[in-house]
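Remember, it's a predicted structure, so these values are computed and weren't measured experimentally. What you see below is based on every heavy atom in this structure, not just the backbone, and it leaves out hydrogens, waters and symmetry mates.
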Amino acid sequence: MSDTQPIDPRRADRSPRRPKKRRNWFLRTVGLIVLLFVLMLIAVPLYAWSRIDKIDAMPTGQRPADTPGTTYLMVGSDAREDLSRAERARLHTGGDAGPARTDSIMLMHVPKSGPTVLISIPRDSAVNIPGVEGKQKINAAFNKSPALLIQTIENVTGLRVDHYVEVGFGGFASVIDSIGGIQMCLPKAMSDDKAHINLPAGCQKLDGVNALGYVRSRHADGKNDFGRVERQRQMVGAVAKKASSPSTFLNPVRYYNVATKGVDALTVDKDMGLFDFVGFARGMRAISGSSGVTLTVPISDDNYNLGHNRGVAVKWDTAKAKALFDAIKQDNTSGLKSSS
């Protein structure tokens, strides 16, 4: 008689079930983590969007016709009224709130096809402002209202501005800090007491305060507004690239901070919806890539006398500027090239 004992079929069925339960538990856990991650990706932008100020920024009356693609007006404002005394001291904005002025004016056009274009408009550009006699600096329009600035830009470019985005001092610095600073490579040292910066030459990481001084400086490189608009476009591209990188989306804390830190100093037009804002963010991301086009409005005279004690302004090259804006009006950005 054999010593081999018959195998109980009930025992044979029991052993493989335990790892199967473990696998199911593991898969459910992973599925829950993925679900929570997806919910975070959706919920955080919705929460941030709910906190953004919306204003009636669009002008009334006759305006240019709609054009293909979407054109955003981006304004960097030095408004101080929402900053505490401590924040004004940290950002070196001065103690007096005063009327808001703009440190940067940019048009971003996102075409249906072709490269996204970011155009800097010097704030000292000489233009005709509706309701004001004679040539004025374009910054004076913003001093009155965003609607007057949009109307002025539409009149001088022939483009229809679809949406308005304004960011204040505090929001800019907060976004820089929320992504852990931004890497900039300076060809030479920059020192500007008015902008409160003293930066060495070479590659370095700038925090929010130094980044703000870097894009505001007018006296460190001898280029006045032209050097500033170059640095502003450079900074915009670098921030968009880092803020939309995988390292941001895969880090819940950084993702939340990037989405929420700057929104309290952000203002958009009341007609902008969440999907419009997503389109704006995608345009910013496109600008940071090699396919984006960044340039300044063509200039013919950077020492143009406005007369009547209005000071010196920047005069556009009318023919070249018209060609640029006509191309954008036709949504034909493929032939445009980046410039300083």
Do the side chains of [X] and [Y] join up, straight or via other hydrophobic residues, at under 4.5 Å, putting them in one cluster?
{"X": "Val297", "Y": "Leu295", "result": "yes"}
{"X": "Leu274", "Y": "Met74", "result": "yes"}
{"X": "Val132", "Y": "Leu306", "result": "no"}
{"X": "Leu35", "Y": "Tyr47", "result": "no"}
{"X": "Phe277", "Y": "Leu46", "result": "yes"}

Report task. Kindly determine whether Ser300 and Trp316 satisfy side-chain hydrogen bond (donor to acceptor under 3.5 Å, both in side chains), including the steps that lead there. Result -> CA-CA 5 Å; Ser300 65; Trp316 295 4; over 6 Å; no

Query raised in the report: Would the number of heavy atoms belonging to other residues, nucleotides or ligands and lying under 6.0 Å from NZ of Lys320 be above 12?
Result: no

Query - Within 6.0 Å of CZ in Arg282, more than 12 heavy atoms from elsewhere - result: no

Is the backbone N or O of [Y] less than 3.5 Å from a side-chain atom of [X], with the two atoms forming a donor-acceptor pair by type?
{"X": "Thr267", "Y": "Asp53", "result": "no"}
{"X": "Ser338", "Y": "Thr294", "result": "yes"}
{"X": "Arg231", "Y": "Ser217", "result": "yes"}

Could you state the interatomic distance from [atom1] ([X]) to [atom2] ([Y]), rounded to the nearest 0.5 Å?
{"X": "Asn303", "Y": "Asp124", "atom1": "CG", "atom2": "CG", "value": "11.0 Å"}
{"X": "Leu324", "Y": "Thr157", "atom1": "CG", "atom2": "OG1", "value": "9.5 Å"}
{"X": "Leu73", "Y": "Glu154", "atom1": "CG", "atom2": "CD", "value": "9.5 Å"}
{"X": "Asp162", "Y": "Asp271", "atom1": "CG", "atom2": "CG", "value": "10.5 Å"}
{"X": "Ser104", "Y": "Ile121", "atom1": "OG", "atom2": "CD1", "value": "10.5 Å"}
{"X": "Met184", "Y": "Ile182", "atom1": "CE", "atom2": "CD1", "value": "5.5 Å"}

Query - Ring-face cation of Lys54 near Trp49 (centre distance under 6.0 Å, axis angle within 45°) - result: yes

Requested in this report: Could you walk me through whether Val161 and Leu107 pass side-chain contact (heavy atoms from CB on, under 4.5 Å), step by step?
Outcome: CA-CA 8 Å; Val161 173; Leu107 283 173; 4.2 Å; yes

Report task. Mind running side-chain contact (heavy atoms from CB on, under 4.5 Å) on Ile55 and Lys270 for me, showing each step along the way? Result -> CA-CA 5 Å; Ile55 63 171; Lys270 69 176 186 179; over 6 Å; no

Requested in this report: Let me see the working for Arg233 and Thr296 under side-chain hydrogen bond (donor to acceptor under 3.5 Å, both in side chains), right down to the final yes or no.
Outcome: CA-CA 9 Å; Arg233 291 200 308 269; Thr296 302; 2.8 Å; yes

Requested in this report: Take Gln234 and Tyr214 through the test side-chain hydrogen bond (donor to acceptor under 3.5 Å, both in side chains) and record every step on the way to the result.
Outcome: CA-CA 11 Å; Gln234 181 188 27; Tyr214 177 76; 2.7 Å; yes

Query raised in the report: Between Asp207 and Ile176, is a side-chain contact (heavy atoms from CB on, under 4.5 Å) present by the stated rule, with each step listed?
Result: CA-CA 6 Å; Asp207 62 11; Ile176 299 293; 5.5 Å; no

Report task. Taking atom types as modelled, find out whether Ser178 and Asn257 have a side-chain donor-acceptor pair closer than 3.5 angstrom. Result -> no

Query - Side-chain H-bond candidate by donor/acceptor type, His109 with Asp331, under 3.5 Å - result: yes

Report task. Dump the intermediate steps for side-chain contact (heavy atoms from CB on, under 4.5 Å) on Val117 and Met108, then the final yes or no. Result -> CA-CA 6 Å; Val117 181; Met108 181 173 71; over 6 Å; no

